[in-house]
Amino acid sequence: MILYALDIAKKIKDKSKKEIEKKKLKILLSVILIGDNYASKVYIKNKKIACDYVGIDFKLFKLDENISQEKLLNLINNLNLDDKITGILVQLPLPDHIDKTIIMQNIDPKKDVDGFNPFNIGALILEKPKLIPCTALGILELIKFYNIKISGTYCAVLGRSIDVGKPVAALMLNANSTVAVCHSKTENLIEITRKSDIIISSIGKAKFIKKDFIKRNSVLIDVGINRDENNKLCGDIDFDSCIEKAHSISPVPKGVGAMTIAMLINNCIKAKLIQLNIIE
Ligand code: GUN
């Protein structure tokens, strides 16, 4: 089975659009782009299209590649204090002279629609989640939509980034999966992946996971966005070799990426409801 996400993401966005209209929510998402990264510009364009679709206002701050950390923190602080701003998203990656952790620490947790602020990461670990990182949340929604069982499974998470690997591992653990978080120093990776009912990969290595890496009937979630030898978009999973053996695979493109944006919209609504003291 192929775990397509476009239709699911559209349904989620339609539901969000209705909620925004019904509750008359005035939501403004501010996005900060530093420098001129091509991929970042594509992501931001797609986020804006989704915001326009559901009725969320969108404000882009384009900053020079060489902006100082202090000036960036100043802007974030102004956005934190501005009642009109619902969400603050600093597009990653950041230039080397800017400390990602310090930036994330300084975004008001109630406006942190990426869910990267330590308060929100802590709430997730404590199983009292508030704003949850969008890709991790999108993966769980995708798995649940296809009625795939999580509780009692063995799951291998490949990659330990703060935006995908760590939060998705926490969500899977909270959903009662037994989780192995693997990374570049993991020895005998294949022994872990071959025992896993679910593999979630975000290592960014084109077609890295082959048929011999996986258990028969396993569920493969591909978060990688890479280019293959013909410059075609592909994921971390070698789709053609794995599709016969796996129970299901999320494709690249048309997979997890679409869910990430739908979850960003959900997080903007959630942030607004938190700010209005309607939810905690
Ligand atoms: N760059 C790639 N994906 C993301 C994301 O989900 N959030 C942010 N802030 N930057 C990204």
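Ligands are counted one by one from 1 in listed order, and the atoms in each one are counted from 1 as well. For this chain, numbers begin at 1 and follow the sequence in order. What you are looking at is a predicted structure, and each value in this text was computed from that prediction instead of being measured.
Ion pair Asp36/Lys41 flagged as a salt bridge, since at least one NZ, NE, NH1 or NH2 atom sits closer than 4.0 Å to an Asp/Glu carboxylate oxygen. The pair Lys84-Asp82 meets the salt-bridge criterion, with a side-chain N (NZ, NE, NH1 or NH2) lying under 4.0 Å from an Asp/Glu carboxylate O. At a threshold of 4.0 Å, the pair Asp14-Lys10 counts as salt-bridged, since one of the basic side-chain nitrogens sits closer than that to a carboxylate oxygen.
Every residue meeting the ring pair (Phe, Tyr, Trp, His ring centres under 6.0 Å) condition with Phe208, not counting sequence neighbours, appears here in chain and number order: Phe213.
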Between side-chain atoms of residues 272-280 and protein atoms elsewhere (two or more places apart, or another chain), which donor-acceptor pairs fall under 3.5 Å?
from	atom 1	to	atom 2	distance (Å)
Lys272	NZ	Lys26	O	2.9
Gln275	NE2	Thr86	O	2.9
Gln275	NE2	Lys110	O	2.8
Gln275	NE2	Ala271	O	3.3

Below 3.5 Å, can you tabulate the donor-acceptor pairs from side chains in residues 154-168 to any protein atom, sequence neighbours excluded?
from	atom 1	to	atom 2	distance (Å)
Arg160	NH2	His183	ND1	3.4
Ser161	OG	Asp163	OD1	3.4
Ser161	OG	Val164	N	3.0
Ser161	OG	Gly165	N	3.3
Lys166	NZ	Arg160	O	3.1

Nitrogen or oxygen contacts under 3.5 Å, ligand 1 side and protein side:
from	atom 1	to	atom 2	distance (Å)
ligand 1	1 (N)	Gln91	NE2	3.1
ligand 1	1 (N)	Leu92	O	3.0
ligand 1	7 (N)	Asp114	OD1	3.0
ligand 1	7 (N)	Asp114	OD2	3.4
ligand 1	9 (N)	Val90	O	2.8
ligand 1	9 (N)	Asp114	OD2	2.6
ligand 1	10 (N)	Leu92	N	2.9

